[in-house]
Amino acid sequence: MFLKFLICFSWLAFASPALETKPGCQETCGNITIPYPFGMGDECSISPWYNINCNTSYNPPTPFISTSNLQVVKISQTEVRVSNWLAVSCYATSGNLITNIPAHINLSTTPFTFSDTRNKFTVVGCDTLALIKGAGDISYTSGCVSLCDTLETLQSETLQANKSCSGLGCCQTSIPKGLKMFSTQVGSLDNYTKISSFDNCGYAFLAEHEKYTFEVSDFLYTNFLNKAKNVPVVLDWAIGEDQTCEEAQSNVTTFACMDNSECYDLDNSPGYRCRCLNGYGGNAYLSNGCQDINECEDPNNNPCEGICNNTLGGYNCFCPHGKHGDGRRDGSGCTSNNKEFPILNVTLGIGFGFLFLLVGISWLYFSINKRKLIQLKEKFFQQNGGLLLKQQMASHEGSVESSKIFTTEELELATNNYADDRILGKGGYGTVYKGILPDRRIVAIKKSKIVDESQIEQFINEFVILTQVNHRNVVKLFGCCLETEVPLLVYEYVSNGNLYEHIHRTRGNYSISWENSLRIAAETAGALAYLHSAAATPVIHRDVKSANILLNDNFTAKVADFGASRLVPLDQTKVSTLVQGTLGYLDPEYFQSSQLTEKSDVYSFGVVLVELLTGEKPFCLKRSDLERNLASYFIVSLKENRLFKLLESQMMNEGQMEQVVAYSELAKRCLSLKGDKRPTMKEVEMELERLRKFETHQGDILRREESMPLLSEPSDLYSVGGSSYTVNGSGQYSMDILSTAFTPR
Ligand SMILES: *[C@@H]1O[C@H](CO)[C@@H](O)[C@H](O)[C@H]1NC(C)=O
Ligand SMILES: *[C@@H]1O[C@H](CO)[C@@H](O)[C@H](O)[C@H]1NC(C)=O
Ligand SMILES: *[C@@H]1O[C@H](CO)[C@@H](O)[C@H](O)[C@H]1NC(C)=O
Ligand SMILES: *[C@@H]1O[C@H](CO)[C@@H](O)[C@H](O)[C@H]1NC(C)=O
Ligand SMILES: *[C@@H]1O[C@H](CO)[C@@H](O)[C@H](O)[C@H]1NC(C)=O
Ligand SMILES: *[C@@H]1O[C@H](CO)[C@@H](O)[C@H](O)[C@H]1NC(C)=O
Ligand SMILES: *[C@@H]1O[C@H](CO)[C@@H](O)[C@H](O)[C@H]1NC(C)=O
């Protein structure tokens with residue numbers, strides 16, 4: 001029974017409000033609570049400056065700070081409020097000074113500091129000026145002046161300003177951090193003679209500014225004294241002399257912060273203070289002063305919806321048996337006592353949540369990516385001359401429409417994403433890939449390498465010209481794609497390489513029969529004649545050469561590479577251009593005059609004719625200076641009747657002598673230095689056709705293509721721009737320098 005009582009008692013003691021005062025010490029003076037480290041008597045306070053002198057000769061008893069005359073109004077965990085000290089001066093209507101009381105507070109050796117946030121230096125009066133002077137550690141002088149002429153303006157102004165100290169009849173100024181001592185005195189300009197009807201006194205004081213609101217009635221001395229009693233000055237207190245937390249913590253016997261508390265430094269004075277840890281409340285300076293706060297006692301102190309279990313320094317929320325959730329009002333709370341359902345719901349909810357999140361994120365990701373891609377494609381389209389193309393389309397309406405503008409995806413699919421095994425050839429201009437379109441058409445896709453303005457123009461040029469041309473001996477253009485960084489052209493696939501390679505690849509093992517040579521020449525001439533006259537707008541190829549004549553499996557010629565070609569307006573026969581062409585094929589007249597005519601193509605074609613006849617390269621450094629250029633070499637040989645020495649031995653064998661002579665004569669005419677003397681392409685074509693018929697009327701004995709293979713090995717040749725490349729069996733390629741484009745600038 002007794003034990004039970006004891007337990008009960010101790011529990012009561014434990015649960016009692018947190019201790020404020022040291023056990024065994026008086027808690028209050030009058031009705032003011034004195035918390036530790038303050039206390040009445042040396043035993044009850046932490047140090048002499050915290051020893052509160054409770055003077056019982058007052059009623060109620062009144063506390064003072066130690067031996068000073070500072071009357072304590074309130075003590076909190078961080079501040080102590082003391083009654084303030086007024087400076088006053090009053091004048092008679094005559095202007096004579098009646099009262100003049102200066103004010104002075106000296107806290108230099110105390111642990112107290114004037115709070116710079118709560119206090120303001122305040123001056124009240126209408127002919128009043130006052131200075132505040134700090135001395136000691138902080139030496140400073142400040143002050144303010146308040147002058148007003150009539151009561152009326154003052155009243156309306158103060159009414160409007162809600163009686164606060166706004167500058168009219170009352171002024172305020174802040175004080176610096178760390179102020180420990182000040183003195184002040186009130187002065188006047190006119191000894192209150194001009195305003196004696198409503199104001200005879202001025203006041204200056206340092207006080208808690210939130211507690212003072214100015215009123216006009218404050219000019220009356222008695223009124224003001226009554227009011228000022230309740231306006232304290234706020235002092236920040238600190239313990240530990242000048243020690244910081246770190247310094248103080250090292251000496252456990254003197255360190256003031258007790259169990260479950262923490263130490264903190266102050267920003268406006270030396271020394272430190274203590275406070276209880278989170279979740280604890282009470283007096284941090286007393287052992288067992290910081291007590292656990294039972295958050296569960298007051299529903300306002302915890303967010304628990306279910307059961308609240310207090311812990312030391314905190315609390316836990318949980319749900320009663322059969323309910324689920326985190327037990328918090330701000331969380332999932334406690335739901336349903338059915339065990340299966342919530343789990344299912346939560347699982348489903350989380351599952352669907354994730355699904356939606358996933359879908360949302362992917363959608364966002366893809367749409368952002370798609371937008372970026374579209375913008376990029378748009379950029380490339382413009383950069384690659386899409387606008388130029390549109391213009392061209394507008395000026396040649398109708399014709400371009402038959403060609404297609406391919407999308408990047410279509411071409412990536414067709415070339416197996418530009419796989420290496422799809423490369424037909426590489427060159428200075430870029431790479432040609434073999435592609436298979438969804439409709440099973442095999443195409444060649446030319447991918448330019450470098451993108452600069454001039455090449456884009458060439459590219460568009462080729463595109464526009466090819467879309468206007470429809471001839472069985474001109475390589476067919478299916479379309480293009482401008483959405484990639486480099487523009488792409490899609491051609492008909494011509495399987496058997498180019499003429500240059502067939503003539504020159506295997507020296508001494510000439511693989512094209514005379515009959516085929518004649519046919520290829522005739523077909524090429526036909527294509528060029530068509531370009532010169534029959535196409536919608538005459539086209540000058542400008543780069544006629546054997547490397548630009550592609551061959552298919554039946555050795556049908558296909559004229560290719562219109563990058564340098566020119567459309568000639570119908571009313572013009574000459575166009576001035578930058579000279580462009582390939583060394584060995586270049587028309588000397590055009591080279592000198594820059595005047596481009598159809599006859600330039602005729603000259604170049606003449607070189608191809610000689611190439612076919614002789615199997616010699618159009619330009620060869622191995623030959624002597626005079627003979628280096630095949631055209632002049634041929635002309636000179638003809639003149640000196642050395643033609644047959646020049647001819648391919650096979651030609652001698654199988655070609656009819658008359659045919660060869662006529663053919664040579666035609667080539668010679670094509671190679672005339674003067675363009676006027678050259679035949680037109682149409683004439684060349686007709687002459688070649690005549691020679692072919694003549695040949696086919698001859699006996700079959702001279703034919704050789706049945707007995708000899710046309711090619712000594714399978715070919716993977718392709719023309720890329722002005723350069724020819726051989727892709728050999730190992731997939732490597734070599735370059736033939738002499739056939740690269742020669743462009744004098
Ligand atoms: C203190 O006690 C006096 C009289 O005993 C009373 O007038 C005053 O209101 C009390 N102050 C407080 C803050 O309780
Ligand atoms: C208490 O106040 C009275 C009047 O101001 C003073 O005479 C007396 O000395 C004070 N007592 C103490 C203990 O300070
Ligand atoms: C104000 O009063 C002081 C002292 O009483 C006197 O010396 C001074 O002349 C007076 N000034 C005016 C403007 O009356
Ligand atoms: C302030 O008080 C300290 C100690 O009490 C004293 O040494 C100092 O001279 C005082 N200063 C003034 C300006 O009174
Ligand atoms: C004056 O104070 C009242 C109440 O405190 C407030 O509603 C009003 O807006 C204030 N007027 C001015 C001018 O500050
Ligand atoms: C701690 O402070 C006490 C009192 O000032 C002093 O006697 C003691 O030597 C100090 N201890 C240490 C370790 O500084
Ligand atoms: C409450 O929490 C304490 C630990 O802080 C634990 O020992 C006790 O079992 C908990 N009470 C319940 C009912 O969960």
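Keep in mind that what you see is a predicted model, and the values were worked out from it rather than measured. Just so you know, ligand 1 is whichever comes first in the structure, and atom 1 is the first atom listed for that ligand.
- For atom 7 (O) of ligand 2, the nearest protein heavy atom is 4.0 Å or more away.
- The aromatic rings of Tyr212 and Phe205 sit perpendicular, their planes meeting at an angle over 60°, well past the 30° parallel limit.
- Looking at Ser68 and Ser66, their side chains never bring a donor and an acceptor atom within 3.5 Å of each other.
- Interface of Ser108 with ligand 4, defined as ligand atoms under 4.0 Å from a residue heavy atom, comprises 1 (C), 2 (O), 3 (C).
- Panel note: side chain Lys227, backbone Thr213; a donor-acceptor pair is recorded below 3.5 Å.
- When side chains are defined from C-beta on, Glu208 does not count as touching Asn84, because their heavy atoms never get closer than 4.5 Å.
- Nearest protein heavy-atom contact of atom 5 (O) of ligand 4 is Thr109 OG1, 4.0 Å.
- Tyr50 and Trp237 have perpendicular rings, their planes meeting at more than 60° on a 0 to 90° scale where under 30° would count as parallel.
- With atom 1 (C) of ligand 2 as the reference point, the heavy atom nearest to it among Thr67, Asn69, Asn55 is part of Asn55.
- Looking at Thr110, Leu107, Asn106, it is Asn106 that brings a heavy atom closest to atom 3 (C) of ligand 4.
- Nearest protein heavy-atom neighbour of atom 4 (C) of ligand 2: Tyr58 OH, 4.0 Å.
- The atoms of ligand 2 that sit less than 4.0 Å from any heavy atom of Ser57 are 1 (C), 2 (O), 3 (C).
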Next on the checklist: With salt bridge (charged side-chain N to carboxylate O under 4.0 Å, His left out) as the criterion, how do Lys177 and Asp267 come out once you've worked through the C-alpha distance, each side chain's angles and the decisive distance to 0.1 Å?
Outcome noted: CA-CA 8 Å; Lys177 270 194 201 317; Asp267 73 331; 3.3 Å; yes
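- Looking at atom 13 (C) of ligand 2, its nearest protein heavy atom turns out to be Asn53 OD1, 4.0 Å.
- Contact annotation: Phe64 has no heavy atom less than 4.0 Å from any atom of ligand 2.
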Checklist entry - Stepwise, does the side-chain contact (heavy atoms from CB on, under 4.5 Å) test hold for Thr78 with Arg275? => result CA-CA 9 Å; Thr78 57; Arg275 64 184 162 214; over 6 Å; no
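- Near Met181, the atoms of ligand 4 lying under 4.0 angstrom from a non-hydrogen atom of the residue are 11 (N), 12 (C), 13 (C).
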